Structures are given as structure tokens and as C-alpha cells.
Amino acid sequence: TGGGNLGESGSVSYLFKRKGVLTYDGTRYSEDDIFSAALEAGAEDVTSFEDFIEVTTDPNDFETVLNVLTSAGFQSEEAGIQKVAETKITLDNEKTGKVLNLIERIEDNDDVQEVFTNMEIPDDYTPEE
């Protein structure tokens, strides 16, 4: 009913890599300040989005980077080890809506702990009504 297919457990794991991911409020903190502290602490990358800043780390360096940034006065919005897509895909507006609907339905299942996707939502995406 969602237009997808159920694969074997782990069948798409090659598309994802485990990373430490920390997010910070981009309206509260400067990207330059977080960038300097994060890279000095051993982070792999710092990316700024519209209203948040994302720091990625090797999973083994996650706690160190988190502790250094917290000690420097940066309070994270979210922090944890996640599966991050190695390559992202962008779909058209209709298909993006269908995938988001499917993800929402999967997340509503009590047996599901986490959902990861390699879909990048286009900037001009508008939900169909």
C-alpha cells in the first residue's frame, strides 16, 4: 500500500555508515565557533543548514567531541550514533511525499526503533494536499 518492497534484514546496509551526529541551534551559535571547536576536538565535518548546525564524527570519537563541545559551552539539541547515507538521492515532489508518508507509517509501528533514509528532501518540496 505504500509502494515499497520489504528487503532482507541488512540488505541496504552498504548504503549507510555509522557516524556520531550532533546538532546545534544555528540561531543560538555561530557556525565558525562550533567549527573551530569541533575540528580541534576531532570531528570529521561541520555542516550548516538553515536553522541548525550538524557535526559528524567517527563513532569512536563521538563522546570526546561531545564532551569538548559541551565543556566549551555548546548545548546540543540532539546527539547520538546514527546511520548516515553515503549517497543521497533526490526525488520529485510526488515521490518525496509518498516516501515521507511511508516513513511516517513505518515509524508509527511499535516494533520500529529507528528509520534511516538516503532521500534528500528538495528545497522546493511542498506537501500535496
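Just so you know, residue 1 is the first one in the sequence shown, and it goes up from there. The structure presented is a predicted model; accordingly, all values stated were derived computationally and were not measured. Quick note: numbers below take in every heavy atom, side chains included, and nothing from hydrogens, waters or symmetry partners.
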Original post:
Looking only at heavy atoms, which two atoms of T57 and E44 are closest? And how far apart?
Top reply: C-CD, 3.9 Å
Original post:
Honestly curious: do V84 and I81 fall in one hydrophobic cluster under the side-chain, below-4.5 Å linking rule?
Top reply: no
**OP:** Check A79 against L66 and note the closest heavy-atom contact, atom names and distance.
**Re:** CB-CD1, 4.2 Å
Original post:
In this structure, are over 12 heavy atoms from other groups packed under 6.0 Å from K17 atom NZ?
Top reply: no
Original post:
Going only through I, L, V, M, F, W and Y residues with side-chain contacts under 4.5 Å, is there a path from F52 to L39?
Top reply: no
Original post:
What distance separates R105 CZ from L100 CG, expressed to the nearest 0.5 Å?
Top reply: 13.0 Å
Original post:
Taking N67 for the side chain and E63 for the main chain, is one N or O donor matched with an acceptor at less than 3.5 Å?
Top reply: yes
**OP:** Please step through side-chain contact (heavy atoms from CB on, under 4.5 Å) for the pair I34 and V55, ending with a clear verdict.
**Re:** CA-CA 8 Å; I34 288 184; V55 176; 3.7 Å; yes
Subject >> Non-hydrogen side-chain atoms of F49 and E54 separated by less than 4.5 Å >> reply: yes
Subject >> Closest non-hydrogen atom pair, A37 against V68 >> reply: O-CG1, 4.3 Å
Subject >> Non-hydrogen atoms of D58 and N60 that approach each other most closely >> reply: OD1-N, 2.8 Å
**OP:** Look at the side chain of D51 and the backbone N and O of D25, then say whether any donor-acceptor pair between them is shorter than 3.5 Å.
**Re:** no
Original post:
Do the side chain of T56 and the main chain of V21 share a donor and acceptor less than 3.5 angstrom apart?
Top reply: no
Subject >> From CZ (R28) to CZ (F74), nearest 0.5 Å >> reply: 10.0 Å
**OP:** Using the test salt bridge (charged side-chain N to carboxylate O under 4.0 Å, His left out), find all partners of K83 that sit at least two apart in sequence or belong to another chain.
**Re:** none
Subject >> Inter-residue atom distance T90.OG1 - K95.NZ, 0.5 Å rounding >> reply: 12.5 Å
Subject >> Aromatic plane relationship, F16 with F116 - under 30° parallel, 30 to 60° tilted, over 60° perpendicular >> reply: tilted
Subject >> Value rounded to 0.5 Å, distance of CZ in F35 from CD in E40 >> reply: 11.5 Å
Subject >> E107 CD to L102 CG distance, which is reported to the nearest 0.5 Å >> reply: 10.0 Å
**OP:** Could you tell me which non-hydrogen atom of R18 sits nearest to which non-hydrogen atom of P59, and how far apart they are?
**Re:** O-CG, 3.4 Å
Original post:
So, do I53 and V46 sit near enough that their side-chain heavy atoms are less than 4.5 Å apart?
Top reply: yes
Original post:
Atom OH in Y125, atom CD in E120: separation rounded to 0.5 Å?
Top reply: 15.0 Å
Subject >> Heavy-atom closest contact (N118 atom, T87 atom, distance) >> reply: CB-O, 3.3 Å
Original post:
Can you tell if the side chain of V99 reaches within under 4.5 Å of the side chain of M119, non-hydrogen atoms only?
Top reply: yes
**OP:** Say whether, by atom type as modelled, one donor and one acceptor occur between the side chain of Y29 and the main chain of Q75 under 3.5 angstrom.
**Re:** yes
Original post:
Has the side chain of T23 got a donor or acceptor atom that lies under 3.5 Å from a matching backbone atom of E78?
Top reply: yes
**OP:** Please lay out, stage by stage, how L15 and E86 fare under the test side-chain contact (heavy atoms from CB on, under 4.5 Å).
**Re:** CA-CA 6 Å; L15 295 171; E86 290 281 283; 5.9 Å; no
